[in-house]
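If you're wondering where the values come from, they're calculated on a predicted model, not measured in any experiment. Atom set for the values below is all heavy atoms of this structure, side chains included, hydrogens, waters and symmetry mates excluded.
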Amino acid sequence: MLSWLDYLFPNVMARLPEFFDSFVQTLVMVGVAGIISFVLACGFAVILILTQPHGLTPHAVVFNVLDKIVNTFRSIPFIILAAALVPITRAIVGTAIGTQGAIFPLVVGITPFFTRQIQSALAGVDAGFIEAAEAMGMGTGEIVFRIYLREAIPSIIRVSVITLVSLIGLTAIVGIVGGGGLGDFAIRYGYQRYMLDATYATIIVLVLLIGLIEWVGRLLVEISQH
Amino acid sequence: MATTTKDRSKVRAKRTLYVILAAVVVVIAIIGSAFAYQNSQASGETVVKVGLVGNSDDNVWKAVQAQLDKEHANIKLEYKTFQDGIYTNQALSNKELDITAFQHYAFLNQEIKDKGYKFTVIGNTYISPFNLYSDKYSSLKDFKAGDKVAIPNNATNLGRALKVLDSAGLIKLQDSSADNPTVDDVASNPSGIVIVPNDPASILNLLPDYAAGITNTNFVLDAGKKPSDALYAPKISATSKSFKPYVNVIVANTDQKNNATYKKIVDAYHTSAVAEQIKKNSNIPFFSK
């Protein structure tokens with residue numbers, strides 16, 4: 001088995017600890033940035049849903065400002081955003097390089113997309129439920145947690161899976177700031193050093209990782225549906 | 001209440017999920033303990049973070065570490081590999097790196113000029129040949145008007161490539177000794193070639209699409225070619241003034257220029273074992289001041 005791997009992926013097997021580190025770096029980046037971004041995106045999406053015209057607490061200024069910010073950040077290509085954020089990253093995180101320094105740009109890069117995704121999940125909640133809750137005298141906070149977020153759980157899981165997969169794509173780009181990860185490994189060895197097996201090994205691992213995420217997502221949707 | 005098919009599939013989904021989660025936890029635990037083991041191994045050594053770009057000098061730095069170990073210097077080199085020199089210099093300036101070894105004087109001086117970095121060269125390393133390669137032609141006379149020639153798209157190597165084209169007689173620069181000429185400094189173009197800036201890593205892969213290309217030697221070697229396969233190679237002379245800007249260097253922050261640990265690393269670099277590895281990469285050691 002090992003000699004077989006040596007034959008197929010000679011350059012990767014020669015750098016197995018580094019390949020392994022890169023994989024862990026990818027997991028850390030996706031995990032940490034994903035969780036932070038999920039919390040932020042839920043918050044922003046709730047604010048957008050509540051303050052939108054015909055929302056529960058319409059507020060044109062808050063809605064428009066947040067909506068435009070989300071649009072602005074969504075229109076900046078991530079490679080440019082990551083480079084532009086370097087000074088801010090350093091001020092906030094203390095370092096702009098390495099896996100640590102990569103997490104902040106990833107959060108800024110993925111949150112607007114995540115917000116839009118969760119916003120659409122929340123918008124899919126049946127208006128009848130909201131009206132019924134209002135009729136029962138529930139306050140806004142209660143409606144948010146007991147109706148909006150709860151009813152939307154299966155769709156939130158679905159959009160989170162989509163977002164996580166995009167986030168894995170972004171982690172390949174933060175290699176420019178020394179962020180590490182599998183994408184960086186593939187660029188440094190596969191692209192810059194023509195070791196094609198490094199690229200193929202990266203693709204295989206990422207396909208498996210995304211498959212696992214999709215699988216867990218499907219199971220969670222099945223469990224949460226009622 | 002009777003169990004429905006839906007409930008049963010829910011139970012099955014839950015069970016599968018638990019199995020996956022358990023498997024993930026086990027894998028993470030194994031990885032975690034492997035890391036803990038690794039970290040427990042390294043202690044009592046001075047760790048020096050070295051910023052590198054790409055991995056083509058891996059063998060050279062392995063030899064430096066071996067030399068340090070042989071001297072019982074108790075110094076552990078930790079490599080931080082970047083894809084791009086601009087970020088590497090930012091990280092050095094911000095003390096996220098201790099020293100770097102990836103750039104030549106031309107790039108360093110341009111960066112210092114543009115960004116005001118307080119950097120000092122603590123040692124020279126090597127000169128890398130910078131040649132013109134072609135799959136299509138075997139003589140400089142074969143070039144026709146309209147032929148595309150790919151050169152690196154970063155400022156300093158673009159300038160160096162223009163000087164190579166100038167010394168090959170394909171173009172004429174206004175001043176061939178200027179530091180970083182740009183395409184605007186081309187005075188005349190007797191061969192009629194079209195100069196196309198390109199990512200240096202992909203130039204050799206794209207050579208079939210161009211009449212010729214110039215790129216760094218590390219990419220040439222990785223693509224399976226040798227510097228001697230070049231269609232044209234400017235003569236390298238370590239004493240020639242025109243090559244001085246392209247001597248690669250080890251750089252530290254100016255306030256650390258007398259750091260004894262860094263000096264030991266430079267001394268370990270300037271040994272014949274390291275020179276051997278540099279020659280293996282088809283580069284020319286340049287250890288004098």
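When each of B:Gly51, B:Gly54, B:Ser9, B:Gly224 is scored by its heavy-atom pairs under 4.5 Å with chain A, the top score falls to B:Ser9. With respect to chain A, the highest number of heavy-atom pairs below 4.5 Å among B:Glu96, B:Lys14, B:Gln90 belongs to B:Glu96. For the set A:Met195, A:Gln225, A:Arg188, the entry with the most heavy-atom pairs within less than 4.5 Å of chain B is A:Arg188. Top candidate by heavy-atom pairs under 4.5 Å with chain A, chosen from B:Asp84, B:Leu21, B:Asn55, B:Leu17, is B:Asn55.
Between the side chain of B:Thr46 and the backbone N or O of B:Ile75 there is no donor-acceptor pair closer than 3.5 Å.
For chain A, the nearby part of B:Ile20 is the side chain; its heavy atoms alone come within less than 4.5 Å. B:Asn218 does not touch chain A: none of its heavy atoms, backbone or side chain, sits under 4.5 Å away. For A:Gln100, no part lies under 4.5 angstrom from a heavy atom of chain B. Within the 4.5 angstrom heavy-atom criterion, only side-chain atoms of A:Arg90, from C-beta onward, approach chain B. Heavy-atom distances place no part of B:Thr88 under 4.5 Å from chain A, backbone and side chain included. Interface residue A:Leu212: only side-chain heavy atoms are found under 4.5 Å from chain B. For a residue to count as touching a neighbouring chain, one of its non-hydrogen atoms must lie under 4.5 Å from one of that chain's; by this rule B:Leu204 touches chain A with backbone and side chain alike.
Under the 4.5 Å side-chain criterion, counting only non-hydrogen atoms from C-beta, A:Ile204 is in contact with A:Phe9.
Judged by distance alone, the side chains of B:Tyr210 and B:Asn198 do bring a donor and an acceptor atom under 3.5 Å apart. Side-chain atoms of A:Tyr191 and B:Asp199 form a donor-acceptor pair, as typed in the model, at a separation below 3.5 Å.
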For B:Arg160 and B:Asn216, what are the C-alpha separation, side-chain angles and deciding distance, and is it a side chain to side chain donor-acceptor pair (under 3.5 Å)? CA-CA 10 Å; B:Arg160 190 179 178 190; B:Asn216 307 62; over 6 Å; no
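Surrounding NZ of B:Lys118 are at most 12 heavy atoms belonging to other residues, nucleotides or ligands under 6.0 Å away.
Both tests do not hold together for A:Arg74 against A:Phe113: distance to the six-membered ring centre under 6.0 Å, angle to the ring axis within 45°.
Note: A:Phe38 and A:Phe114 have tilted aromatic rings, judged against thresholds of 30 and 60 degrees for the angle between ring planes.
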